[in-house]
Protein chains: 2
Amino acid sequence: MSLPHAILTALLEKPSSGLELTRRFDRSIGYFWSATHQQIYRELGKLEADGLIRVLPSEQPARGQKKSYEVLPAGRTELARWTSASQDPKPHRDALLLRLRAAAVVGTAGLEADLRRHLELHERQLAEYEEIEKRDFPPGRDGTDVRLRHLVLRAGIDLETFWTQWLRRAVADVAELPDGGPT
Amino acid sequence: MSLPHAILTALLEKPSSGLELTRRFDRSIGYFWSATHQQIYRELGKLEADGLIRVLPSEQPARGQKKSYEVLPAGRTELARWTSASQDPKPHRDALLLRLRAAAVVGTAGLEADLRRHLELHERQLAEYEEIEKRDFPPGRDGTDVRLRHLVLRAGIDLETFWTQWLRRAVADVAELPDGGPT
DNA sequence: CGTTATTATGCAACTAATTGCATAAACCGT
DNA sequence: ACGGTTTATGCAATTAGTTGCATAATAACG
């Protein structure tokens, strides 16, 4: 399981409160590991109980009041262990591809509009990634950490590029098919 | 949720027993919607209780004995409804990208070997897809259902192509970095 | 000041998915 | 007929993830 390690990574990059983490999971980190604020609060509790993180000493906690966490040495060790350990890739699940397959047996009615919508979403995401690349990774020699983060962003860009291309083709294909199918 | 719809699709393509479904989820359908046999048996029970599928009349059931299902009209209707309804894409989770990001803060030790392993897995999957394409989709004009299934396979091929290319780059990049990082 | 909106934290219930195990029949060699 | 392997179905417990709601502090508005 990876959520605790995602949180450890985020906290090592910068100590944060639950809500700050939630916001970062809506941007950068969340682009390849999403999480809701409830997951995050729950996991912060566990990580603290396990002695991998702690509340920043300066803060005094009270319900509904900001509480920032930082990673303890044990947390860094655990993250390094997890990062270097080999892991089997989890199986994918893609509802859109499944729907296309279903459309092959029950007809394509209503599909095209949603394909277009997905295309738009992926185009928007791609534009956002390219914006980030232009802003955060100008050309030139860089340190290890920057090169690795750039590599991750490249994966995002290339994935979105693939989806936009595939969806354009899918929209065109579905548009020229007889709508009904064997419904 | 999509597992019931994946099963309905599979059963419409061909009525099957739980184990036959499990096998098909290890191949074709499972390439974009994986499921274990326990999930499948559980879901078959629910679908039957809901009146969307039924046991083939010819078979008489007994524990440990084959039991094939077919889709009822209500099931086909539900699948058509789901297929045409618009859905928001679920957020991705990719542990490998997360690990790269973690490596940017705790060092790349041990990563390269696993990147190579993933590369090999994706190369193998790509080869398998291309084999299927050659076998099942020879060039030429085809019916709606065949074109849609081919479109789905193309997504698989293009995705694996992306991953093999990206991983080759990642392996090369990581190989030439100083191993330690800020561990 | 008092009321409303926003920020921030968190619990509880539910749904989905995974893991490990149990059972039973069929098939296969000896 | 027996013991071992494979095929097939299924239960139970656990873990992971989602959804809906509750609470408290703070800011902002008149």
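Atoms considered below: every heavy atom in the structure, side chains included; atoms not considered: hydrogens, waters and symmetry mates. Computed from a predicted structure; not experimentally measured. We name chains A, B, ... by the order of the sequence lines, and we start the count at 1 in each one.
- With dG17(D), dA8(C), dA17(C) as the choices, the nucleotide that has an atom nearest any side-chain atom of Tyr41(A) turns out to be dA8(C).
- The separation between Lys46(A) atom NZ and dG10(C) atom P is 15 Å, rounded to whole Å.
- dT19(C) atom P lies 10 Å from atom CG of Asp88(A), rounded to whole Å.
- Residues Arg117(B) and Glu112(B) are not paired through a salt bridge, judged by the lack of any N-O separation under 4.0 Å between the basic side chain and the carboxylate.
- Centroid-to-centroid, the aromatic rings of Phe32(A) and His92(B) stay 6.0 Å apart or farther.
- Counting non-hydrogen atoms under 4.0 angstrom, Ser17(B) reaches the backbone sugars and phosphates but no base.
- Between the side chain of Asp173(B) and the backbone N or O of Leu151(A), no donor-acceptor pair lies under 3.5 Å.
- Distance Lys90(B) NZ to dA16(D) C1': 14 Å, rounded to the nearest Å.
- Take the nearest nucleotide of DNA chain D for Ser34(A) and for His37(A): the residue whose nucleotide is more 5' is Ser34(A).
- Rounded to whole Å, atom P of dT9(C) lies 16 Å from atom CD of Glu43(A).
- Note on Lys14(B) versus Glu20(B): no salt bridge recorded, every NZ/NE/NH1/NH2 to OD/OE distance being 4.0 Å or above.
- Residue side chain Arg42(B) reaches the base of dT18(C) through a donor-acceptor N/O pair under 3.5 Å, judged by distance alone.
- For the pair Ile7(B) CD1 and dA17(C) P, the interatomic distance rounds to 11 Å; values are reported in whole Å.
- A straight line from CZ of Phe25(B) to C1' of dT18(C) spans 16 Å, rounded to a whole angstrom.
- The side chain of Arg93(A) has dT18(C) as its nearest neighbour among dG10(D), dT18(C), dG17(D).
- A donor N or O paired with an acceptor N or O is found under 3.5 Å between the base of dG20(C) and the side-chain atoms of Gln38(B).
- For Arg23(B), taking side-chain heavy atoms from C-beta onward, the closest of the listed nucleotides dA8(D), dG17(D), dA8(C) is dA8(D).
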